[in-house]
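Below, read A as the first sequence line, B as the second, and so on, with proteins coming before strands; counting in each chain starts at 1. Source: prediction; values computed, not measured.
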Number of protein chains: 2
Amino acid sequence: MTRSVDPATLLPADDERLGVMAKFFRALGEPARLRLLEFLLDGEHSVSDCVEHVGLSQGRVSTHLACLADCGYVTARREGRRTYYRATDPRVAELVTLAHTLTTENHAALATCEKIDSFESDN
Amino acid sequence: MTRSVDPATLLPADDERLGVMAKFFRALGEPARLRLLEFLLDGEHSVSDCVEHVGLSQGRVSTHLACLADCGYVTARREGRRTYYRATDPRVAELVTLAHTLTTENHAALATCEKIDSFESDN
DNA sequence: TCATTATATCCGCATAGGAGAATATGTGAT
DNA sequence: ATCACATATTCTCCTATGCGGATATAATGA
């Protein structure tokens, strides 16, 4: 039953687990989605509210929200022609808070990390 | 002192905070880096150990490790010609654990999320 | 100094995925 | 049924970033 454990040929199951986790994190690896998530942690909002809040096109915002929902960060509720999104799970808030704390502490180093380019604008 | 609060024209400071947090999360939005981080949570390892562990090119692994270090997930320690990396902050372990729990619960939905493509291989 | 080993950096290539615009779909009102 | 509004989906474009391979740099030893 034991299968190859050649380090470089890792278990497929682990591959999948890591792939899923990576997706999960990548969902928050976008300023726009992070802003949306924080907005939705703050309370329930419709898509149009979100559009106004982040200032992106309606289509893009809709996609971002769907992404957050797929990842389990927020839940959607349809009411009439509107869809309301909200972040309910307190552990999500916990995750964001934890990240906020860690990034604040490490702000300097992170800001200069060029391996990942959020937007190294000139500020 | 209060400045424009037009929702779509958000505070630059907030822009930067979100940009940095996004970077922080994006660092974990990659299966390879996630695998490396878990490996380093487990104990201290040299770059070559890591190369063997993840099975990617030495250069790539070095970059991934530098990225994790810049983001504050791991620390580097040079000893002779080798560099040893390790994840020390327990809050990092907490972050990973939390994500692991949440993704496990939501595995099904996440696996089908096509907004983000980790690798939707045919499994 | 020169050789060897361990890391780090650079380069070109390929692709994931974000952006807006246009369009489709769903839903309540007339 | 038709219209108007709210959201979702599709399209093309373009950039960020992962990858390997080559090379530069650092550190130890002869």
Students often get this wrong, so: under 4.0 angstrom with heavy atoms, is [X] touching a base, only sugar-phosphate, or nothing?
X: A:S57; result: base
X: B:S46; result: sugar-phosphate
X: A:S62; result: base
X: A:Y85; result: sugar-phosphate

Can you see if the side chain of [X] gets near the phosphate of [N] - specifically, an N or O under 4.0 Å from OP1 or OP2?
X: B:H64; N: D:dT17; answer: no
X: A:T63; N: D:dT9; answer: no
X: B:R33; N: D:dG18; answer: yes
X: B:R78; N: D:dA26; answer: no

Query raised in the report: Rounded to the nearest 0.5 Å, how far apart are OG1 of A:T75 and CG of A:D89?
Result: 10.0 Å
Query raised in the report: What is the distance from atom CZ of A:R33 to atom CG of A:L40, rounded to the nearest 0.5 Å?
Result: 13.0 Å
**Report entry** Selected nucleotide, minimal atom distance to B:R81 side chain, candidates D:dT7, D:dA16, C:dA6
**Finding:** C:dA6
Take atom [atom1] of [X] and atom [atom2] of [N], then tell me their distance rounded to the nearest Å.
X: A:D70; N: D:dA8; atom1: CG; atom2: C1'; result: 13 Å
X: A:R77; N: D:dA6; atom1: CZ; atom2: C1'; result: 14 Å
X: A:L36; N: C:dG18; atom1: CG; atom2: C1'; result: 13 Å
X: A:D49; N: D:dT7; atom1: CG; atom2: C1'; result: 13 Å
X: B:R26; N: C:dG18; atom1: CZ; atom2: C1'; result: 10 Å

Query raised in the report: So if you build clusters from Ile, Leu, Val, Met, Phe, Trp, Tyr with side-chain heavy-atom gaps below 4.5 Å, do B:F39 and B:V47 land together?
Result: no
Query raised in the report: Taking the nucleotide of DNA chain C with the closest heavy atom to each, which residue, A:G59 or A:L56, is nearer the 5' end?
Result: A:L56
Query - Worked verdict on B:L102 versus A:F24 for side-chain contact (heavy atoms from CB on, under 4.5 Å) - result: CA-CA 9 Å; B:L102 290 168; A:F24 182 76; 3.8 Å; yes
Query - No-H, no-angle donor-acceptor pair, A:Q58 side chain to D:dA6 base, under 3.5 Å - result: no
Query - Quiz item: A:R82 side-chain donor-acceptor pair to D:dA6 base, under 3.5 Å - result: no
Query raised in the report: Would B:D15 and A:R35 satisfy side-chain contact (heavy atoms from CB on, under 4.5 Å), going step by step from the backbone distance to the final call?
Result: CA-CA 9 Å; B:D15 264 16; A:R35 199 197 295 285; 2.7 Å; yes
